[in-house]
Amino acid sequence: MSTLPPCPQCQSEYTYEDGEQLVCPECGHEWSAEAPAATDEGPRVVKDANGNVLQDGDSVTVIKDLKIKGSSLVVKVGTKVRNIRLVDGDHDIDCKIDGIGAMGLKSEFVRKA
C-alpha cells in the first residue's frame with residue numbers, strides 16, 4: 001500500500017487520490033500529485049482582509065458579523081479586538097473579545113486598526 005503525503009495546508013494525514021489530484025477531506029484543499037511539496041521558506045506572514053501584515057500585539061477590527069458556533073452570541077461588525085496573538089492552524093488569530101471571551105478568528109474577517 002502506498003503512503004500519500006499529508007495535506008500541505010492543514011497537515012491532515014487523511015488525504016486521498018481523486019484522479020490526478022490529491023484531496024484533503026478535512027479542509028477541502030486539492031493539489032497535484034505530480035507537483036513537489038511546498039517547502040517552508042521562512043516565517044509565516046499573516047495578512048488582514050486589506051493585505052496589511054499582522055503581528056502579535058496588533059489591534060484589529062472585525063469587518064463582518066461572525067456567528068459563534070454553539071452559542072447565540074454574535075461578534076458584530078466594528079468590534080475592536082486588542083492584543084491579538086498569531087497562531088498556526090485553521091484560525092490565524094487567538095484573542096479575547098470583551099463580553100464573549102477567548103476565541104479564534106480568521107485573518108480574512110479582520111482589518112488592522
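Side-chain atoms are counted along with the backbone in the values below, which use heavy atoms only and exclude waters and symmetry mates. Not measured: the values here are computed from a predicted model.
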Could you list the residues that satisfy side-chain hydrogen bond (donor to acceptor under 3.5 Å, both in side chains) with Ser12, not counting sequence neighbours? Glu26

Could you state the interatomic distance from CD1 (Ile84) to CG (Asp58), rounded to the nearest 0.5 Å? 5.0 Å

Residue pairs passing the salt bridge (Lys or Arg N to Asp or Glu O under 4.0 Å) test with at least one member in residues 80-92, sequence neighbours excluded, are Arg44-Asp88, Arg44-Asp92, Arg85-Asp94, Asp90-Lys106

Please report the interatomic distance CD(Glu13) to SG(Cys7), rounded to the nearest 0.5 Å. 12.0 Å

So do Asn52 and Lys47 actually touch side chain to side chain, heavy atoms under 4.5 Å? no

Other than Tyr14, which residues form its hydrophobic cluster under the rule that side-chain heavy atoms must be closer than 4.5 Å? none

For a quick test of reading the model, state the closest non-hydrogen atom pair linking Thr15 to Pro5 and the distance between them. OG1-O, 2.9 Å

Counting only heavy atoms not in Asp98, do more than 12 fall under 6.0 Å of its CG? no

So Thr79 and Ile97, do their side chains get closer than 4.5 Å, heavy atoms only? yes

Please evaluate residues Lys112 and Leu54 with respect to the criterion side chain to side chain contact (heavy atoms under 4.5 Å, CB included), reporting the C-alpha separation (whole Å), side-chain torsions for both, the decisive distance (0.1 Å), and the verdict. CA-CA 7 Å; Lys112 196 170 187 175; Leu54 297 174; 4.1 Å; yes

Do Ile63 and Val46 sit in the same hydrophobic cluster, where Ile, Leu, Val, Met, Phe, Trp and Tyr count as joined when their side-chain heavy atoms come under 4.5 Å apart? no

Are Phe109 and Ile68 co-members of a hydrophobic cluster defined by side-chain heavy atoms under 4.5 Å apart? yes

Between atom CD of Glu30 and atom CD of Glu20, what is the distance when rounded to the nearest 0.5 Å? 13.0 Å

Measure the CG-CD1 distance between Leu73 and Ile100 for me, rounded to the nearest 0.5 Å. 5.5 Å

On a heavy-atom basis, which atom in Ile93 and which in Ser107 lie closest, and how many Å separate them? CD1-CA, 4.1 Å

Please check this pair: side chain of Gln21 against backbone of Ser32, looking for a donor-acceptor N/O pair closer than 3.5 Å. yes

Flag the pair Thr61 / Val81 as yes when at least one side-chain heavy-atom distance between them is below 4.5 Å, and no otherwise. no

Roughly how far, to the nearest 0.5 Å, is the NZ atom of Lys96 from the CE atom of Met103? 13.5 Å

Out of curiosity, Lys64 NZ to Arg111 CZ, how far, rounded to the nearest 0.5 Å? 16.0 Å

